[in-house]
Amino acid sequence: MNLNNKTILEKANAAITEGDHEGFLSFCTEDTEWIFVGDKTLKGKEAVRQYMAIAYMEAPKFIVENLIAEGEFVTALGKISMKNEEGKMVDYLYCDVWRFHNGKMAELKAFVIENVLK
């Protein structure tokens, strides 16, 4: 199956909303790197798996407002709601810049801020 990068990201995001972490991870390279700008960096699929097990204990709810694809990059802009450490639902605005390599998500630069101006 030869999918374009935008379609791959849409399928990966659908897996997340269904709580299918392994389905999502199947779209990532083994050495995928996630950079949460100003916060932390996750290196490798196992680090992402461990992060998702905690951060996505309950599947996040998100709205992708724009997907912009160019070459090996896909940028997603939107809103996401997920529970924080105290179990309270928090709304965020995000801009994810994904780099693809051979049809897999190889790198993420995530710019995420709490949406305090709802």
Side-chain angles (χ1 to χ4, degrees):
M1 178 169 40
N2 188 7
L3 303 173
N4 69 40
N5 293 340
K6 196 186 239 187
T7 302
I8 292 166
L9 182 56
E10 289 170 334
K11 288 182 176 296
N13 282 343
I16 286 291
T17 61
E18 296 165 6
D20 182 4
H21 299 172
E22 290 305 313
F24 175 89
L25 289 168
S26 72
F27 292 101
C28 296
T29 61
E30 285 299 321
D31 63 347
T32 192
E33 182 173 87
W34 287 19
I35 302 162
F36 294 94
V37 175
D39 189 14
K40 65 180 154 252
T41 299
L42 305 175
K43 294 184 180 221
K45 199 183 272 192
E46 185 56 35
V48 173
R49 181 179 285 114
Q50 291 174 15
Y51 166 80
M52 292 172 73
I54 296 166
Y56 299 162
M57 283 180 66
E58 182 176 314
K61 296 168 181 55
F62 60 93
I63 299 167
V64 177
E65 296 172 340
N66 296 99
L67 275 181
I68 305 156
E70 180 69 33
E72 65 182 11
F73 292 95
V74 177
T75 300
L77 299 159
K79 299 173 185 165
I80 186 169
S81 298
M82 52 194 248
K83 288 191 176 177
N84 64 11
E85 297 82 25
E86 292 83 41
K88 177 185 171 209
M89 198 61 107
V90 180
D91 298 323
Y92 300 93
L93 302 172
Y94 74 90
C95 175
D96 286 349
V97 181
W98 290 95
R99 185 180 59 79
F100 285 74
H101 180 71
N102 292 332
K104 298 254 186 182
M105 298 183 302
E107 182 181 274
L108 165 66
K109 277 193 184 169
F111 300 83
V112 183
I113 59 169
E114 188 173 345
N115 185 5
V116 295
L117 302 175
K118 301 171 213 159

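Given the structure is predicted, the values throughout are model-derived calculations rather than measurements.
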*Of Tyr94, Tyr92, Tyr51, which meets ring pair (Phe, Tyr, Trp, His ring centres under 6.0 Å) against Phe36?*
Tyr51
*Give a yes or no on whether Lys79 atom NZ has more than 12 heavy-atom contacts from other residues, nucleotides or ligands under 6.0 Å away.*
no
*Check Phe24 against Ala12 and note the closest heavy-atom contact, atom names and distance.*
CD1-O, 3.2 Å
*asked:* Quick check: is Leu108 connected to Val112 through a chain of hydrophobic side chains (ILVMFWY, heavy atoms under 4.5 Å apart)?
replied: yes
*Inter-residue atom distance Ile16.CD1 - Leu25.CG, 0.5 Å rounding*: 7.5 Å
*Worked verdict on Lys109 versus Phe73 for side chain to side chain contact (heavy atoms under 4.5 Å, CB included)*: CA-CA 11 Å; Lys109 277 193 184 169; Phe73 292 95; over 6 Å; no
*Do Arg49 and Glu22 have side-chain heavy atoms sitting under 4.5 Å apart?*
yes
*Kindly give the heavy-atom pair with the smallest separation between Gly103 and Asn5, and that separation in Å.*
CA-OD1, 4.5 Å
*Roughly how far apart are Thr32 OG1 and Met105 CE, rounded to 0.5 Å?*
7.0 Å
_Measuring from atom OG1 of Thr29 to atom NZ of Lys45, what distance do you get when rounded to the nearest 0.5 angstrom?_
7.5 Å
*From CG (Leu9) to CG (Asn4), nearest 0.5 Å*: 10.5 Å
*Determine, using the 4.5 Å side-chain heavy-atom cutoff (strictly less than), whether Val97 and Phe62 are members of one ILVMFWY cluster.*
no
_Any non-hydrogen side-chain atom of Glu65 less than 4.5 Å from a side-chain atom of Ile63?_
yes
*Identify the two heavy atoms, one from Phe27 and one from Gly23, that lie closest to each other, and give their separation to 0.1 Å.*
CD1-O, 3.2 Å
_To the closest 0.5 Å, what do you measure between OG1 (Thr75) and NZ (Lys6)?_
10.5 Å
*Do other residues, nucleotides or ligands put more than 12 heavy atoms under 6.0 Å from the NZ atom of Lys104?*
yes
*Answer with yes or no whether the hydrophobic clustering places Phe111 together with Ile80; edges join I, L, V, M, F, W, Y residues whose side-chain heavy atoms lie under 4.5 Å apart.*
no
*Closest contact, heavy atoms only, Met89 versus Ser81*: SD-C, 3.9 Å
*What distance separates Leu93 CG from Asn115 CG, expressed to the nearest 0.5 Å?*
4.0 Å
*Answer whether the closest heavy-atom distance between the side chains of Trp98 and Glu107 falls below 4.5 Å.*
no
